[in-house]
Amino acid sequence: MAAGQKKFPVNDPSKNYSFFQDVWDVVRQIPKGRVTTYGAIARYLGTGSSARMVGWAMNNSFIIKPAVPAQRVVNRNGMLTGKMHFNPPERMQQLLEKEGMIIQNDTIQNFIDHFWDPATELS
DNA sequence: AGTATGACTCATT
DNA sequence: AAATGAGCCATAC
């Protein structure tokens, strides 16, 4: 990893660290046209975290700035499980299509080709 | 303070 | 291959 670019802090049980902040920081690193999964983020932040909490962080991501590209986070099948939480729900798919994804039946086509794993990309 | 609830995932049946 | 159960842990009530 390049100098000055530090690895995102993992959860530290000894202090009250903001898990959400970690998640948002990672999500903001997702390059345009790429996507990742809840589980990948959870694993990157430490197995102590669960994918459910990543979803929770996304739910709260709408109220923070800078904005978090929550549309780039889908479940491990490339399915837009969180689209109903967007405003309006169609927005998630529209944003992804605008970034070059092809989506059918709420599922990103060729998902594996667009997958971005923070564990390997950020290391 | 205990229970319920997720934008999830994995192992087992 | 589809359904089920369990683990996950921070909020909400």
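So you know, we letter chains A, B, ... as the sequences are listed, proteins then strands, and number each from 1. Because only heavy atoms are used, hydrogens play no part in the values below, and waters and symmetry mates are left out as well, while side chains stay in.
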*Asks:* Nearest to the side chain of A/Thr81 - B/dG6, B/dT9, B/dA7?
*Replies:* B/dA7
*Asks:* Which of these nucleotides, B/dA7, C/dA12, B/dT9, is closest to any side-chain atom of A/Trp56?
*Replies:* C/dA12
*Asks:* Round to the nearest Å and state the distance from A/Asn77 atom CG to C/dA2 atom P.
*Replies:* 12 Å
*Asks:* Using the side-chain heavy atoms of A/Ser61, tell me which of these nucleotides is nearest: B/dA7, B/dT9, B/dG6.
*Replies:* B/dA7
*Asks:* Show the atom names and distances, to 0.1 Å, of all donor-acceptor pairs under 3.5 Å that link a side chain in residues 100-112 of chain A to residues at least two apart or in another chain.
*Replies:*
residue: A/Asp106; atom: OD1; partner: A/Lys83; partner atom: NZ; Å: 3.0
residue: A/Thr107; atom: OG1; partner: A/Asn105; partner atom: O; Å: 3.2
residue: A/Gln109; atom: NE2; partner: A/Thr107; partner atom: O; Å: 3.1

*Asks:* Nearest of C/dC8, B/dA7, B/dT9 to any side-chain atom of A/Ser50?
*Replies:* C/dC8
*Asks:* Measure the distance from CE on A/Met58 to C1' on C/dT11 and round it to the nearest whole Å.
*Replies:* 16 Å
*Asks:* What's the OH-P distance between A/Tyr38 and B/dC10, to the nearest Å?
*Replies:* 14 Å
*Asks:* From the list B/dG6, B/dC10, B/dA7, which nucleotide is the closest neighbour of the side chain of A/His85?
*Replies:* B/dA7
*Asks:* Can a donor-acceptor pair be found, under 3.5 Å and without considering hydrogens, that links the side chain of A/Arg91 to the backbone of A/Phe86?
*Replies:* no
*Asks:* When the distance from CD of A/Gln71 to P of B/dA7 is rounded to whole Å, what number comes out?
*Replies:* 18 Å
*Asks:* Indicate yes or no for a side-chain donor-acceptor contact from A/Asn59 to the backbone of A/Gly55 under 3.5 Å, with no hydrogens or angles considered.
*Replies:* no
*Asks:* Assess the side chains of A/Gln71 and A/Glu99: does a donor N or O sit below 3.5 Å from an acceptor N or O?
*Replies:* yes
*Asks:* Without decimals, in angstroms, what is the distance between A/Ile30 CD1 and B/dA7 P?
*Replies:* 18 Å
*Asks:* A/Ala70 near the nucleic acid: base, sugar-phosphate alone, or nothing, with a heavy-atom cut-off under 4.0 Å?
*Replies:* base
*Asks:* What interatomic distance, in whole Å, is found between C1' of C/dA3 and the corresponding atom of B/dA7?
*Replies:* 22 Å
*Asks:* Within the structure shown, what part of the strands sits under 4.0 Å from A/Asn59 by heavy-atom distance: base, sugar-phosphate, or nothing?
*Replies:* base
*Asks:* Distance-only, no hydrogens or angles: does the A/Arg72 side chain make a donor-acceptor pair with backbone N or O of A/Trp116 under 3.5 Å?
*Replies:* no
*Asks:* Separation of A/Phe19 atom CZ from C/dC8 atom P, in whole Å?
*Replies:* 14 Å
*Asks:* How many Å lie between CE on A/Met92 and P on B/dA7, as a whole number?
*Replies:* 12 Å
*Asks:* Between A/Arg43 and A/Gly55, which has a closest nucleotide on DNA chain B that is more 5'?
*Replies:* A/Gly55
*Asks:* Let me know the distance between CG of A/Leu45 and C1' of B/dT9, rounded to the nearest Å.
*Replies:* 16 Å
